[in-house]
Amino acid sequence: MEKESKASALPFNTTMGFAAIPTAVCKYYVRHPKFTPATERLYRYLLQRHNSKQGYAWPSYSVIRRETGIGSDGTISKAIKALDHLGLVKTYKRENESGWDSNYYVFLPPIEDEEEFMRKFGGELQELKQKKGGEKKADGDDLMSWL
């Protein structure tokens with residue numbers, strides 16, 4: 001008798017679980033200049049912290065720094081703004097009874113169609129290419145402009 005196999009998202013067992021990143025994010029969003037390594041790390045962490053009963057994640061900046069190794073509030077803030085800009089996360093502010101603010105993060109579905117992604121962000125990708133010099137110059141051209 002054959003043993004019944006369970007479908008698994010990973011090729012191994014894990015007792016701690018895992019956080020999956022949508023393929024569209026890995027395939028399209030990584031091209032965007034605002035989707036930096038810190039942005040990806042924060043996105044992955046927020047996915048891990050998502051509470052399905054509440055419908056959002058709500059870690060504080062200090063917890064994000066400790067758990068992700070992102071070194072500064074400025075880098076965290078920039079990554080959050082990037083996720084908002086890219087339409088992957090919607091950030092909401094709330095004030096608790098003590099009067100201090102905190103954020104919570106609601107996930108939005110990524111664009112899964114490459115043409116739609118390019119319609120929305122293609123101009124920004126082109127701007128980055130132009131800022132980096134557009135077409136690659138021959139080594140001698142770079143040297144001559146430097147001299």
Side-chain angles (χ1 to χ4, degrees), residues 4-139 141-142 145-146:
E4 193 175 312
S5 66
K6 268 172 85 172
S8 176
L10 298 174
F12 50 83
N13 292 326
T14 177
T15 59
M16 294 181 69
F18 65 97
I21 294 180
T23 300
V25 172
C26 298
K27 195 169 182 178
Y28 307 134
Y29 288 81
V30 295
R31 300 177 195 170
H32 196 283
K34 291 185 179 193
F35 200 80
T36 64
T39 304
E40 183 175 0
R41 186 182 303 176
L42 178 63
Y43 183 64
R44 188 172 9 99
Y45 179 70
L46 291 175
L47 282 168
Q48 179 187 342
R49 293 292 305 266
H50 179 262
N51 182 305
S52 59
K53 288 182 183 175
Q54 297 291 329
Y56 53 85
W58 65 93
S60 66
Y61 275 38
S62 61
V63 170
I64 292 170
R65 273 195 320 276
R66 184 182 70 234
E67 297 291 320
T68 65
I70 297 174
S72 73
D73 287 355
T75 302
I76 293 168
S77 178
K78 189 174 179 179
I80 290 168
K81 286 177 185 170
L83 292 172
D84 276 322
H85 173 76
L86 293 167
L88 293 171
V89 168
K90 177 72 177 152
T91 301
Y92 295 93
K93 295 200 177 293
R94 64 178 173 190
E95 189 176 299
N96 71 6
E97 306 82 43
S98 305
W100 55 271
D101 291 337
S102 65
N103 293 335
Y104 66 96
Y105 310 96
V106 175
F107 288 93
L108 303 172
I111 297 170
E112 294 188 325
D113 179 73
E114 185 173 18
E115 287 181 19
E116 183 182 346
F117 180 83
M118 293 307 290
R119 273 193 302 276
K120 185 165 184 175
F121 297 113
E124 294 172 32
L125 299 176
Q126 191 64 24
E127 285 176 29
L128 174 68
K129 186 177 180 181
Q130 289 170 351
K131 283 182 184 176
K132 286 188 172 183
E135 295 179 28
K136 186 144 176 90
K137 297 179 183 176
D139 287 339
D141 292 344
D142 285 343
S145 66
W146 181 75

**OP:** Identify the two heavy atoms, one from Ile70 and one from Ala38, that lie closest to each other, and give their separation to 0.1 Å.
**Re:**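 In this case the closest contact between Ile70 and Ala38 is CD1-O, 3.8 Å.
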**OP:** Work out which heavy atom in Ala79 is nearest to a heavy atom in Leu42; give both atom names and the distance.
**Re:** CB-CD2, 3.7 Å
**OP:** Provide the full list of side-chain hydrogen bond (donor to acceptor under 3.5 Å, both in side chains) pairs with a residue in residues 105-114, sequence neighbours left out, each pair given once.
**Re:**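 Qualifying pairs: Arg31-Glu114, Asn103-Tyr105.
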**OP:** Using the side-chain hydrogen bond (donor to acceptor under 3.5 Å, both in side chains) rule, collect all pairs that involve residues 67-81, keeping only residues at least two apart or in two chains.
**Re:**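 As it turns out, the side-chain hydrogen bond (donor to acceptor under 3.5 Å, both in side chains) pairs with a partner in residues 67-81, which skip direct neighbours, are Arg65-Asp73, Ser72-Thr75.
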Only distances under 3.5 Å count here; give the side-chain donor-acceptor pairs of residues 46-53 to other protein atoms, sequence neighbours excluded, each with its distance to 0.1 Å.
{"residue": "Arg49", "atom": "NH1", "partner": "Tyr45", "partner atom": "OH", "Å": "2.6"}
{"residue": "Asn51", "atom": "OD1", "partner": "Lys53", "partner atom": "N", "Å": "2.9"}
{"residue": "Asn51", "atom": "OD1", "partner": "Gln54", "partner atom": "N", "Å": "2.8"}

So do [Y] and [X] actually touch side chain to side chain, heavy atoms under 4.5 Å?
{"X": "Ile111", "Y": "Tyr28", "result": "no"}
{"X": "Thr39", "Y": "Leu83", "result": "yes"}
{"X": "Thr91", "Y": "Tyr104", "result": "no"}
{"X": "Phe121", "Y": "His85", "result": "yes"}

Subject >> Whether Tyr56 and Trp58 hold their rings parallel, tilted or perpendicular, with breakpoints at 30° and 60° >> reply: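 Ring orientation of Tyr56 relative to Trp58: perpendicular.
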Side chains of residues 15-27: which donor-acceptor partners sit under 3.5 Å, not counting sequence neighbours?
none

Subject >> Straight-line distance of Asp84 CG to Lys34 NZ, nearest 0.5 Å >> reply: 10.5 Å
**OP:** Hey, could you give me the CG/CZ distance between Leu86 and Phe35, rounded to the nearest 0.5 Å?
**Re:**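 The distance works out to 7.5 Å.
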Original post:
Can you name the residues that form a ring-ring contact (aromatic ring centres under 6.0 Å, His included) with Tyr61, not counting sequence neighbours?
Top reply: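 None.
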